[in-house]
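Labels below follow one simple rule: chain letters A, B, ... track the order of the sequence lines, proteins then strands, and each chain is numbered from 1. Just so it is clear, the structure is predicted and the values come from calculations on it, not from any experiment.
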Amino acid sequence: MKNSELAHIFSQIAKILKIKGENPFKIRAYENIVSVLNGLPTDIETVYRKGELNHIPGVGKAIAKKIEEYLTTNKLEYYERLNESVPFGVVGLLDILEIGPKTAGLLYEKLGVDSIEKLEKAVNEHRIKDLPGMGEKSEENILRGIKAYKKRHERILLGNALPVASNVIEHLDGMKEVQKISIAGSLRRRAETIGDIDILVASNHPDVIMKEFTSLPQVDEILSEGLTKSSVIIKDNIQIDLRIVDFSSFGAALQYFTGSQNHNIRIRGLAQKHGLKINEYGVYDTESEEKIAGEQEVEIYKILNLPYIPPELREDRGEIESGLKNTLPSILELSDLKGDLHLHTNWSDGKNSILEMAIEAREIGYQYIAITDHSQSLGIAAGLTVEKLYEQVKEIKQLNSEIKDITILHGIEVDIKSDGSLDFPDEILSELDIVIAAIHSGLKQEREQLTQRIISAMQNRYVHIIAHTTGRIIGYREPYQIDINRVIKIAAETGTALEINSCPERLDLNDVYCRTAKEKGVQMAIGTDAHNTNGLKSINYGVSVARRGWLEKEDIINTLSLNELLQRLKNKKKFSKL
DNA sequence: GCCGTTTTCGGCCCGACTGTTTTCAGTCG
């Protein structure tokens with residue numbers, strides 16, 4: 001999809017315009033379109049071909065023309081011209097904390113700095129402190145910014161950030177001075193990766209709490225320490241910001257610090273039309289300056305005639321329009337899930353036995369689980385041969401007769417081989433309760449070939465689910481080159497479910513594709529791909545993706561009761577959306 | 001550059017903090 005290519009170009013344009021000191025609202029228009037494109041559930045080329053570019057909010061004449069130019073010629077003259085006036089390297093300076101567009105422009109203009117290397121040299125030669133508006137401190141800060149940039153981690157995975165944040169919250173929540181506490185920021189919105197962790201507290205004794213926070217044993221470095229805000233770095237270079245507000249402002253502050261920024265811009269714009277002003281302390285009548293709300297987050301939305309918008313939806317991807325029309329989806333809850341459909345055991349590359357996995361699942365409260373070990377071609381994962389698979393049938397039958405309150409479904413994660421055939425013949429697949437198909441080899445094939453492999457797997461009547469469809473590993477491996485729109489279309493036609501893989505490093509399909517899939521009539525299956533009992537607990541990350549993708553209970557096949565699910569699996573074609 | 005229940009022109013979210021300054025610009029979220 002060209003969506004992300006265009007988003008990148010518009011984002012670069014916005015940065016260059018900032019450096020050039022252009023009209024801030026023009027810049028915002030470009031920043032806005034970046035976020036719109038990143039969240040667009042359809043292919044921009046499809047929208048263009050239908051002549052519907054101007055239906056996209058934030059796309060006016062000028063941007064529509066630029067999108068058209070890029071889609072038809074694969075380049076954008078305006079962008080190329082801008083690049084001649086401000087080199088790439090100068091734009092790259094913005095990646096350093098402490099350096100914004102004005103400073104980047106100044107450094108380039110006065111000192112010819114157009115790369116981070118040249119910047120470092122200028123700092124070391126103390127050539128920066130004499131520039132207008134700069135001083136000793138600025139130079140020190142830039143140096144610190146460069147150091148942080150060099151050792152900067154990639155963004156933190158949701159699955160790594162959440163436990164760290166929960167741990168700190170648990171610690172602080174035990175203090176009697178803490179009246180209320182919550183995660184905020186992108187972590188509360190359950191974004192797939194997090195820049196830093198934001199925590200919000202309501203208290204009358206900020207001094208006591210700040211002291212406790214900055215002296216936590218896991219703290220490596222204190223970046224700043226004040227009465228309302230402190231920032232620390234803990235192990236693995238993770239930054240945590242703690243903010244403390246008065247109890248009466250907690251709701252407004254939570255709404256504000258949860259973001260996203262684009263969501264908040266829209267919310268405050270809406271407030272203006274109602275003659276109101278919203279800041280992190282509350283909602284105020286613009287004329288009388290009287291405070292009319294702030295303690296509860298839900299009040300903010302209510303005052304604007306909006307239903308409560310769950311944090312996962314706050315990306316300015318249509319949630320405000322939908323809320324005003326009262327058509328927001330009632331998104332999936334963790335408690336809606338009746339089972340986990342993707343589990344490995346020590347029969348292949350898992351660590352625990354089938355029984356141990358079943359007991360853990362029963363503890364969680366599931367009605368059923370699917371045991372889906374690897375198939376024979378996947379030697380590296382000790383894939384099951386046909387003989388082993390038949391032995392496994394016996395064990396599962398035996399266990400089902402012994403264990404109470406949970407049903408073990410017998411399945412397989414069958415390999416889609418590089419020629420597109422499946423690793424087991426239909427006669428074998430037809431005997432299993434559930435079949436997941438997935439690509440594990442030939443990852444670098446041509447787009448057409450890879451797409452065709454997945455499509456032919458979906459056309460097999462015994463394949464119920466495609467696992468980790470795009471194959472991405474966040475921060476390590478890009479998605480396979482596949483035509484995801486075609487895959488989604490055929491999934492709808494064949495009644496094949498697409499997986500939301502809950503592994504924090506996969507989260508595949510992602511939120512945006514989930515939304516496309518839902519709109520095309522595809523149902524999804526949430527699975528943890530757990531390789532040990534602990535892995536079963538990752539299911540909440542898959543649920544977060546589903547929620548961010550606007551999915552509801554009926555969009556997920558493992559919200560079905562056991563009997564309903566078995567019906568659904570027996571004849572998948574019946575569930576196709578032709 | 002986008003947008004419209006007074007508007008096709010004139011608006012466009014809001015505040016904290018920092019450092020370099022004598023009243024404010026730049027950056028961040």
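Distance from the side chain of A:Ile265 is smallest for B:dC13 among the nucleotides B:dG1, B:dC13, B:dG15. Among the nucleotides B:dG1, B:dG15, B:dA16, the one closest to the side chain of A:Asn279 is B:dG15.
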So if I define the base as every atom that isn't primed, P, OP1 or OP2, how would nucleotides 24-29 of chain B read as a B/S/- string at a heavy-atom cutoff under 4.0 Å?
--SSSB
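For B:dG1, its base sits under 3.5 Å from the side chain of A:Asn23 at one donor and acceptor pair at least.
Applying the side-chain contact (heavy atoms from CB on, under 4.5 Å) criterion to A:Glu139, with sequence neighbours excluded, gives A:Val123, A:His126, A:Ile128, A:Lys129. Residues passing the side-chain contact (heavy atoms from CB on, under 4.5 Å) test with A:Tyr79, sequence neighbours excluded: A:Ile9, A:Gln12, A:Ile13, A:Ile16, A:Leu76, A:Asn83, A:Phe88. For A:Asn141, the side-chain contact (heavy atoms from CB on, under 4.5 Å) partners are A:Glu98, A:Arg144, not counting sequence neighbours. Residues that satisfy the salt bridge (charged side-chain N to carboxylate O under 4.0 Å, His left out) test with A:Arg189, not counting sequence neighbours, are A:Glu315. By the side-chain contact (heavy atoms from CB on, under 4.5 Å) test, A:Ser11 is found to be paired with A:Lys15, A:Val34, residues two or more places apart in sequence or in another chain being considered.
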Identify each atom pair where a protein N or O and an N or O of nucleotides 20-23 of chain B are less than 3.5 Å apart, giving names and distance.
unit_1 : atom_1 : unit_2   : atom_2 : d
B:dT20 : OP1    : A:Gly135 : N      : 3.0
B:dT20 : OP1    : A:Gly135 : O      : 3.4
B:dT20 : OP1    : A:Glu136 : N      : 3.4
B:dT20 : OP1    : A:Lys137 : N      : 3.3
B:dT20 : OP1    : A:Ser138 : N      : 3.2
B:dT20 : OP1    : A:Ser138 : OG     : 2.9

Please list, for nucleotides 5-7 of chain B, all pairs of protein and nucleotide N/O atoms separated by less than 3.5 Å.
none

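Using a 4.0 Å cut-off on heavy atoms, the residues of residues 55-81 of chain A that approach DNA chain B are A:Pro57, A:Gly58, A:Val59, A:Gly60, A:Lys61, A:Ala62, A:Ile63, A:Lys66, listed by number. Listed by residue number, the members of residues 294-327 of chain A with any heavy atom below 4.0 angstrom from DNA chain B form an empty set.
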Checking A:Glu45 against A:Asn3 for the side chain to side chain donor-acceptor pair (under 3.5 Å) test, could you report, in this order, the C-alpha distance in whole Å, the side-chain angles of both residues, the deciding distance, and whether it holds?
CA-CA 8 Å; A:Glu45 287 192 275; A:Asn3 299 31; over 6 Å; no
Please step through side chain to side chain donor-acceptor pair (under 3.5 Å) for the pair A:Lys20 and A:Ser85, ending with a clear verdict.
CA-CA 9 Å; A:Lys20 291 169 75 86; A:Ser85 59; 3.1 Å; yes
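Within 6.0 Å of atom NZ in A:Lys110, 12 or fewer heavy atoms from other residues, nucleotides or ligands are found, so the atom counts as exposed in its surroundings. Surrounding NZ of A:Lys61 are at most 12 heavy atoms belonging to other residues, nucleotides or ligands under 6.0 Å away. Remark: A:Glu125 CD is packed, more than 12 non-hydrogen atoms of other residues, nucleotides or ligands lying under 6.0 Å away. Counting non-hydrogen atoms of other residues, nucleotides and ligands closer than 6.0 Å to CD of A:Glu80 gives a total above 12.
Across all strands shown, B:dC14 pairs with B:dG29; the Watson-Crick or G-U wobble distances both stay below 3.5 Å.
A:Arg477 places no side-chain N or O within 3.5 Å of a backbone atom of A:Ile474 that could act as its donor or acceptor partner. In terms of modelled atom types and a separation under 3.5 Å, the side chain of A:Thr528 and the main chain of A:Ser538 share no donor-acceptor contact.
When rounded to the nearest whole Å, the span between CD of A:Glu31 and P of B:dC13 equals 12 Å.
The closest side-chain heavy-atom distance from A:Ser230 to A:Asp241 is not below 4.5 Å.
Phosphate contact (OP1/OP2 of B:dA16, side-chain N/O of A:Tyr281, threshold under 4.0 Å): present. OP1 or OP2 of B:dC13 sits under 4.0 Å from a side-chain N or O of A:Arg28. Neither OP1 nor OP2 of B:dC13 sits under 4.0 Å from any side-chain N or O of A:Asn264.
Residue-level contact check: A:Ile33 touches neither bases nor backbone, having no heavy atom under 4.0 Å from any strand. Residue contacts for A:Thr228: at a heavy-atom cut-off of 4.0 Å it reaches the sugar-phosphate backbone alone, with no base atom in range.
Within the structure, every pair that satisfies the side-chain hydrogen bond (donor to acceptor under 3.5 Å, both in side chains) test and touches residues 199-215 of chain A, not counting sequence neighbours, is listed here: A:His171-A:Glu212, A:Thr214-A:Glu225. Counting only residues at least two apart or in different chains, ring-ring contact (aromatic ring centres under 6.0 Å, His included) contacts with residues 8-39 of chain A comprise A:Phe10-A:Tyr30.
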